Each structure stands twice: as structure tokens, then as C-alpha cells.
Amino acid sequence: MTDEQPSHRYSAALAGRIERRWQDHWEQHGTYHAPNPVGPLAGPVPEDKLFVQDMFPYPSGAGLHVGHPLGFIGTDVFARYHRMNGRNVLHTMGFDAFGLPAEQYAVSTGQHPRKTTEENIGNYIRQIRRLGLGHDERRRISTIDPEYYRWTQWIFLRIFNSWYDADAGKARPIDELVAQFDSGERATPDGRAWAELSHAERQGVLNEHRLVYLSDAPVNWVPGLGTVISNEEVTADGRSERGNFPVFRRNLRQWMMRITAYADRLIDDLDRLDWPDKVKAMQRNWIGRSNGARVRFGVGAQQVEVFTTRPDTLFGATYVVLAPEHPLVDVIAAAAWPSDVDSRWTGGAADPGAAIAAYRRAASLKSDLDRQENKEKTGVFTGAYATNPATGAQIPVFIADYVLMGYGTGAIMAVPGQDQRDWDFATAFGLPVVRTVQPTAGFDGEAFTGEGPAINSGFLDGLGITEAKARIIDWLQEQGHGHGTIQYKLRDWLFSRQRYWGEPFPVVYDADGTAIALPESMLPVELPEVDDYSPKTFDPEDADTVPSPPLSRATEWVEVELDLGDGPKTYRRDTNTMPNWAGSCWYQLRYVDPTDGARFVEPENERYWLGPRSPGDPGGVDLYIGGVEHAVLHLLYARFWQKVLFDLGEVTGEEPYRRLFNQGFIQAFAYTDERGVYVDASEVVEKDGKFFYDGKEVRQEYGKMGKSLRNVVTPDQMCETYGADTFRMYEMSMGPMDVSRPWATKDVVGAQRFLQRVWRNLVDEETGALRVTEVEPDETTLRALHKAIAGVHEDYANLRYNTAGAKLIELNNHITKTFPDGAPRSVAVPLVQMLAPLCPHIAEELWEKLGGVESLAHGPFPVAVERYLVEDTVEYPVQVNGKVRGRVTVAADASQDEVKAAALADEKVAAAVGGATPKKFIVVPGRLVNIVV
RNA sequence: GCCCCCGUAGCCCAACAGGCAGAGGCAGCCCCCUUAAAAGGGGUCGAGUGCCGGUUCGAAUCCGGUCGGGGGCACCA
């Protein structure tokens, strides 16, 4: 039983006592407080700083499972390593605490979401504190704190009061645009003088330029959630990421952020970031920049403009297709079919008008999912013909739902010879195919999309695709038929939600319905108390519903009398709230200056922690760790805000996160019984490769850790059973940080045994007394030690904690074997120091026992002595024709000839060579010898 | 369908820039301590790197193909 264990063995109970003690000590002494250059947190600051950040956690009511802290511990080890080496390290953690779960919980219980959210935060802090994370707890922030969201609102207003000057390539204050209109430097849309426009008219004009604007464009309406969502929150199959409800495109008046103005910079600046290629690729793909041309096709008196990335194929355009919703469809549609109309083109209708109406009706009944699953090409002829500007040919104009209104111009020129979709449509409708690129020999496919010389293309013939594109664009411009252009998939960011638990907009509407930004002095606009937190939700399938936000029912709050400069008047507040991403768009800036009441961040502090460090450096957090699931959403929005703030001179960094690292996921096995019901995974036992629960065989699955799979393991359980240091050591030993892997509780004991051995090498398990000796370690030990020091330095700096841990185990195993009477002090000390980033509590305890007076948090960290890293002698394996035949040991500085001589002198090698003259003699210095005969 | 990443002992993982396939942990096996037990101590076994081919004196590593797993995008003109 445990009471028979030596009383000072490093058990879970002892570890727990040590850990609590040091957690209290660190908190009381502010051990992890990082000084700022100026302001309330000012202190002496070394030039060498490091800002390490975890992705903003949402404080879920379920608490942490062992997968969550992987990244948190990873950043902590990195921060501790650098802190011990003398850098000023900023590491903390706050909470992204607005969001749907708290609101839904509030709806079902009637409790204020603030209450449950704060309780969850309290529990979260308790859990992460127990892990020994070295956070500067003065810098904890929470997005729901009015002192935080006042600045979220403030940034919103800065963006609202800005426009994008495409000529300057940056955002500028809206006043400067007003000045341009006022002076006549820039013409108003209808040519009237600025002074002649009414207030509402002026605001209407500015709305077209503001970086935040009100839009009536189609948005993603989710009746099942009662709110609209952004494009990024819609899944590939046209449903809401949250709740998996159907999404409908509806025209609703909503706030939009003009992120498209930054499309080029958001793509181009990816090259300046130290990010995983995968994430960069996802962002590039999402922004979707493609170079091409807009080409105008005459249709009667009208012009239909199409977008194409292959203007070089213009000579092969044999028909034109408009999206069914395209506004010109009704204008150009012929009154009657031509006499010889192909029966496949009419949809069985009597005339084009009827065919179009029927086709549109059918298309509107199809969900996005239907459209994607069924790739059979459908469409109807409009009865109209367009003129191909290159060939002069009259080509039919169709409508078809494979052309999307939302991309490009909503119209295409169809080139079946070079585009498979057009080929499919042409085949179904009996349309001609003209190849304009010579397919490679032996090509037997349909549309040819590869590289080749132009054919059937008049003055383009013989040119490669790139030259042909350039030539035709020049020609289109000369002839006035079109121009080269760049197209993006990225759309503006829908920025309003019909929810309660989010940041209110700092905007009111006057009697004309014009949006007016509140002055800074009126911030924060606080959330009002309401009786019912729920947005009105609807039948998820009912598209004909309109949002009804909870704030609209807070009538006393909505109707407000304010003096905005021209006397007290009644205004209406905006009843939307900001999306959940708003708070996380700028939180690294607030970590830097969490208590600043005068500014969102003091410029000097921003420059120190987040500014560029060298010419061309975009600035930003030095290491940002989180899951890859935010590759597009959060990371794109945050980059956008940062760039706006940079343009406006509010910050010096052009990018928020200089270096990004995606940690892997910890997954876990789950088990189902014969009914397919999940059973408690912790009760399952393995026998001969089969799994049993309660004596009955169960089936093993593998997946995310979660309540529904009944396979959750919590850090609390691990701390209880093994201690936080053991848990940290194990998580970091499981593999490289970026690799996903299965959780295995049974393996944790390995980490605990290691710490027990370290403890035992330094401390008498019976008495608790230090058993470190003053003996001088032998040469072999010193070599092992310094090799470990050199390796551990490199591993920590490169996030290779698994190998760093292995090197520490190796060194400790050496001590165990070599010094049964206790570790020599000169080895024990660096061992403890090197252990500290991974297992800070036990390291502090041992450091104190060794006589350390100051916490080990700020070092020292051992430095390897070069002399012990170079070997005196080297053992070379000697290969003959690639097979190892013998080994020779020579002096490390032996010349190649000496190595050769030694190799040939070896009996076994000589036998293998057999007296033949070597054809080749390879000596890889320090590595091996290979003799080719 | 297109793009990206990954396949090394029973399991999790190492291997600098191509150079003896093994650092570390779990499990297994043996021994010690123990009335007994293990979250104790000591020791030990174990793969030729998914498969096929190429380059090379030499390939886990580079190249081509193939199979398997994971992820992203998907009628974006």
C-alpha cells in the first residue's frame, strides 16, 4: 500500500504538494510578470523580447480535456526556455467569451450569459493554473468585459470612419475623402456639387466607400439559428457551420466589412510570414485571386460582359451563358423561338420568356447541395444571339445554373474545347466545339486544359497560352471590347449577427435612417439587460422569414436621446451585435497593454512587443500556436484589422502573427457495444487484441475526445493521479508538437518513472535529505552532460520537446547507472535547470534544495562547453561495397589517408577486400568508410 | 475530380545536410526487492523503413509510379 512507500518518494501526492506550493509562490512573487516599456506595467525592459501566444480559448462549460493543453504547454515550455535565457517574455491567456453556447445555455436556464460565462472562466483559470503555466496573470483579458469591448467598438469606428484609397493602396480617414468631394477633386456619383447633396445623400455616397458599410446585398440567412452568418461560416454543402442548418441567400440590410479592398495585400504579405505552407495555401485559395479579362459581347443593342481567365481562347467561344438571376436576361430574351430552334434548347416551353421563368423556378427550388451533387448540365436558350468580338460569329445566349451570379460578372463565354464544364454543356445541347489550343499528341480526352500552341485563333495562332493572353488583352483594349482584370473569390465580410451575447454596435440611426457613428466619448455601448436572450428562430427550412434580434426587444435601450452636436434628439440604436470573431481580431494588442484606459494600446508598448524587428519584417507575435481550424476565419480577419490599423497609423506592425505553428490534435479511442452505444472508454480492457467492457466484447473506434464518445480524459484527472509535471512531460514526449496522435493513459507512467528517478538521484526517499555528492564527474559523464546541454538547447528552440525530453531521460539514466550513491552536484544542477521548462515545479523544488535562492524561472540555463562536444577518437564502420565488414578507431583529427590505412589494416576488412585494388575509397569524415572493389 | 501532408519494432515516436536504421517511453520477457502486489529497482528482446522501380559507392532520407491514412477545395469561368 502507499503508506509502505518511502515517505519522500516522488509520488502523485508529493508532486501535488510541490506543485501547489510553487504555483502560490509564483503568483505571490509575480514571477511571470513581463515589464512594458511604458504605462502601468512599466519596468526595466531588455531589448531582447519574446511574445508567445496561444489561440484565444473559448471558456466552454465542459472544461478542458487533455487535448486542449497540448498547445498551452507547448507555448509555456518555449516561453520558459527563453525566459531562462534572459529574454523578456510575454505569455498570458485571456478569454474569447462572447458566443453562442453561453447564450443558448442562458436561453434554456434563464440565467444571464455573463454569469455562466464568468463561472466557466473561473473554472478554466483553475484548470490552467494547475498545469503550472507561466502566465502574466495581470494581462488576462476577456472579450465580454466592457473595458475590453469599448476598444473593440473603438476599432470598429476607426474602420467605419475610413475608406480605401486604391491609388495610395491604403486606408485613409473618411474626412480626407469628404475633403476630396468638397473641393471637387473627386466627382460625386451624379456629378452634383458636394454642397448640394443632402445629409442623407452624402452619407449614402460615403457608405459606398467606407471600410464598414451597410449593404442590402444577399447574405446567408439561417432561420434555424435566427441569424445571418458570414461566407466563411457556411460549409461546403451550403449549411451553417454551427448547428448544420440550411442557409438561404436573402437580401437583408446588414453591416459588411470591405475586406476585399485588402485582397491583394492579404495574399502578397503571406510571403513575409513564417507560417505553415498549408495555412498559407488555404488563405490563398480562399481569397482566390485569378488573372483574366472582361470581354464585352454585343447582344442586340445590349452589351453582356463576361469574365474569363482564358481570354486566349476567345476564338473558340461558341456560346454565352448567363446566370439565371442575371439582370440582363429579361432585357435580351427574344419574344419567340427561331423557327429552327433545337428542341433541347427550349425546355419544352412555348417561348423564351416561359422557358426562362420555368427554369428559374426550378433552380430556386434546388438547394445548394442539390446543385453541387447533380452536375448534369441544364439550361435554356434565351432566344438571343451574341457577337463573338474576335470572329464576328453570332453565337447563342443561354441561361444555366452552372454559372453563378456571385462570381465574376455572372456571365461567361463558353469555350467547350478548353473547359470541361462547357464541353459537358455543349455535348448536352448539341453546340459546336472549336479547339483553340493544340492538344498534346495522343490526347484522347474531351476539353483540353493543358499547355500548347494556339490554333484556329487568327492572329494568336502559334503562340503559347501566356503570350496569347497578353496579345488578346492588348487587342481587346485597342478595339474597346474589354480589358485585363483580376478577380477574387473573397467577398466582403458580413459583420452583423442577430444575437444577444456579442458586442453592440456603436452606431445609432437618425430619423432618416442614416447610420451615425457615436463619438469615442460615448463608448462603451454596453449590452442592455433583457428578459429573453434568444433571437427568434424559425423553421429551419422556412426561407421567407426575417431576423428579429433580441436587442430589438430592449425598447428602452433602443430608443435613446443623445446630443450628437446639434442638440438632443431621439435616435435608434443598432440592434445587431458583432460576430464572435471581432474580439479575437486584435487581442494580442490588448495583451500588450491590458490596463491602458486612454488608448487601446500605447504606441511604445506596441512597438516593443509587436513592431517590426528588421527591415521587411511585418512584425507581430513571435510565436502563435493553435489549431489549423482557424486557418481562414480568425487568421484572415485578424490580419485584415491589423492592416487597417497599420494604414491608419495606430500600430507599427503590418501583420498580427509573425510566426504561426499548428499543433496536432490529441485523439482517443472510443468503444461501442453491440447496440452501437458508446461505453465508458476508461472501463474497457484489452485482451489478445480484442476489447471488452463489462465482460462483453466492444468495437474500437478512433476520434475526437468528447462527451458523446464517452472517452474524455481530463488534465484534472492526470494532475490528481500523476501530478502536473508528469502530465506535462508526457504530453510533450508523445511526439512532435504538430503531429496528431492517440491519447494513451497507460503510457503516462513512463514520464512519472522518469521524474521519480530524477528525484531519487538527488533526494533520499527515506529522509528527504539531499543526496547530491561533491565528487568530480568523470570524463564520460561530462561528455554526456555537455552533449545533452547542446542538444536540449537546440530542441527547445525548435519546439522539439519530445527529443529534448529523451535527452534528459538519457542523461538521467546515465547518472542512475554511474552514481548509485547520488548525483554529483555539477551534473545535478544543470539537469535540474534543463528540466525546468518542461517540469517547472519539481525543478523549482530541487533547485531550492540545491541551494538556489531565486526562482529558476529567469535562469540560469546551462551552456555547453565546446571541449566536451568534440571526441578524441572516432570509431568508423568500414563498409566494403556498402556492407559493414569491420570497425576501426582512429584519432578524431586523423587525416583521410590515416583513416584509409587503418581501415585496410583491419583483418575482416582486408579479408573482404581480398587483395583487390579498391576502385573507390570513400571517407565521410566522422561518419564511415566505404571501399568499393 | 483537383491540391497538400503522412506511412520506421505490437504501440507512441528518434535518425544533422543521403552515410552503421534506434535516442526516449509504453507493452512483452528475465532477474531483484516483497507475505503479496506495483505507479519500485536492474536487465533484455524487438523493425530494414507500406509496395514497385530509378539515381548513387551508399537511400528511411532524393526522383517516378502505386497502395493505404489524414486534411483542404470543389460548377469560382
Side-chain angles (χ1 to χ4, degrees), chain A residues 1-2 4-6 9-12 236-237 276-279 281-282 285-286 288 290 292 306-310 313 321 371-372 374-375 377 400-404 406-415 418-422 424-425 487-489 628-629 631-632 665 686 689 721-722 726 729-730 733-736 738-754 756-757 760 765 791 794 800 802-810 812-813 816-817 820 875-884 887 918-933:
Chain A
M1 303 293 344
T2 47
E4 287 182 41
Q5 272 192 6
R9 170 162 294 170
Y10 184 75
S11 62
D237 52 358
D277 288 339
K278 180 185 163 137
V279 176
M282 284 165 73
N285 192 11
W286 185 262
S290 41
V306 306
F307 173 71
T308 178
T309 57
R310 293 293 303 276
T313 64
V321 187
R371 277 177 68 153
Q372 277 168 27
N374 183 1
K375 294 196 175 167
K377 294 291 180 288
D401 66 2
Y402 84 95
V403 174
L404 309 173
Y407 184 74
T409 60
I412 63 156
M413 62 178 213
V415 186
Q418 264 72 233
D419 185 292
Q420 189 61 41
R421 295 159 302 186
D422 296 342
D424 293 342
F425 188 89
Q487 187 67 44
Y488 304 90
K489 277 200 268 180
V628 73
E629 69 273 17
V632 174
F665 293 99
E686 185 183 351
T721 317
Y722 300 100
T726 294
M729 179 76 193
Y730 172 65
S733 310
M734 291 172 79
D738 52 353
V739 171
S740 293
R741 56 232 125 145
W743 177 259
T745 298
K746 66 177 174 61
D747 291 2
V748 180
V749 64
Q752 186 176 38
R753 281 184 196 143
F754 162 61
Q756 278 179 348
R757 287 171 202 172
R760 195 181 298 116
E765 287 192 329
E794 233 181 85
R800 292 194 299 253
N802 53 330
T803 50
K807 289 180 174 84
L808 294 178
I809 294 171
E810 200 179 354
N812 190 56
N813 288 350
T816 307
K817 240 175 266 183
E875 187 192 63
Y876 281 90
V878 183
Q879 296 182 340
V880 179
N881 289 336
K883 284 197 172 132
V884 178
R887 288 166 194 286
K919 282 191 224 147
K920 216 163 183 181
F921 211 123
I922 298 143
V923 178
V924 186
R927 281 294 181 175
L928 58 52
V929 178
N930 191 11
I931 305 167
V932 186
V933 295

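Chain identifiers are assigned alphabetically (A, B, ...) following the order of the sequence lines, protein sequences preceding nucleic acid strands; residue numbering begins at 1 within each chain. None of these values were measured; they are calculated from a predicted model.
- Summarising the geometry of A/T726 relative to A/A751, their closest heavy-atom pair is O-CB, 3.6 Å, with the distance given to 0.1 Å.
- One interatomic measurement links the two molecules: CG of A/N285 to C1' of B/C2, which rounds to 10 Å at whole-angstrom precision.
- B/A23 and B/A15 have their P atoms separated by 13 Å, with the value rounded to a whole Å.
- Using P as the reference atom, B/G40 and B/C26 are 9 Å apart when rounded to the nearest Å.
- Taking atom C1' on both B/C51 and B/U8, the two are 15 Å apart, rounded to the nearest angstrom.
- A/R760 places no side-chain N or O within donor-acceptor distance of the main-chain N or O of A/Y10, the cut-off being under 3.5 Å.
- With a cut-off of 3.5 Å on both Watson-Crick or G-U wobble distances, the partner of B/C51 is given as B/G65.
- Counting only distance, with no hydrogens or angles, the side chain of A/R310 and the backbone of A/Q418 share no donor-acceptor pair below 3.5 Å.
- When Watson-Crick and G-U wobble pairs are counted only if both distances are under 3.5 Å, B/C73 pairs with B/G1.
- For B/A27 and B/G10, the C1' atoms lie 8 Å apart once the distance is rounded to whole Å.
- The separation of B/C11 from B/C45, taken at their C1' atoms, amounts to 16 Å, rounded to a whole angstrom.
- Nearest heavy atoms, A/A414 versus A/D422: CA-OD2, 3.3 Å.
- Atom CG in A/D419 sits roughly 13 Å away from atom P in B/C75 (whole-Å rounding).
- Glycosidic conformation of B/G41: anti, with the torsion beyond 90° of 0.
- Looking only at side-chain heavy atoms (C-beta outward), A/N285 and A/K489 come within less than 4.5 Å of each other.
- Within the 4.0 angstrom heavy-atom criterion, no nucleotide atom of any strand lies near A/D422.
- OP1 or OP2 of B/G25 has not a single side-chain nitrogen or oxygen of A/R753 nearer than 4.0 Å.
- With both ends at atom P, the span from B/A9 to B/U66 equals 24 Å, rounded to whole Å.
- For the pair A/T308 and A/W286, nearest-nucleotide mapping onto RNA chain B gives the more 5' position to A/W286.
- Close to B/A77, at under 4.0 Å from its OP1 or OP2, lies no side-chain N or O of A/R310.
- Judged by distance alone, with hydrogens and angles left aside, A/K377 brings a side-chain donor or acceptor within reach of the base of B/C75, the pair sitting under 3.5 Å.
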Sub-3.5 Å pairs of nitrogen or oxygen atoms, protein against nucleotides 7-12 of chain B:
{"residue": "B/C12", "atom": "O2'", "partner": "A/M734", "partner atom": "O", "Å": "2.8"}

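- Rounded to a whole angstrom, the distance from the C1' atom of B/U55 to that of B/G42 is 48 Å.
- Contact annotation for A/V749: backbone-only contact, meaning every heavy-atom pair under 4.0 Å involves sugar-phosphate atoms and none involves a base.
- Residue A/M282 comes nearest to A/V632 through the heavy atom pair O-CG2, 4.0 Å, listed as atom of the first residue, atom of the second, then distance.
- With rounding to whole Å, A/D738 atom CG is found 19 Å from B/G70 atom P.
- The separation of B/G50 from B/U61, taken at their P atoms, amounts to 8 Å, rounded to a whole angstrom.
- To the nearest angstrom, P of B/C4 lies 11 Å from CG of A/D277.
- Relative to the six-membered ring of A/Y402, A/K377 meets both conditions, a distance below 6.0 Å and an angle of at most 45° to the axis.
- Pairing of B/G18, defined by two Watson-Crick or G-U wobble distances under 3.5 Å, is not identified with any nucleotide.
- In this structure, the separation between NZ on A/K807 and CD1 on A/I809 is 11.5 Å, given to the nearest 0.5 Å.
- When heavy atoms are screened at a 4.0 angstrom cut-off, A/K817 is found touching the sugar-phosphate backbone but no base atom.
- When the nearest nucleotides of RNA chain B are assigned to A/I809 and A/Q487 by heavy-atom distance, the more 5′-ward of the two goes with A/I809.
- A pairwise comparison of heavy atoms in A/T745 and A/Y722 identifies O-OH, 4.0 Å as the closest pair.
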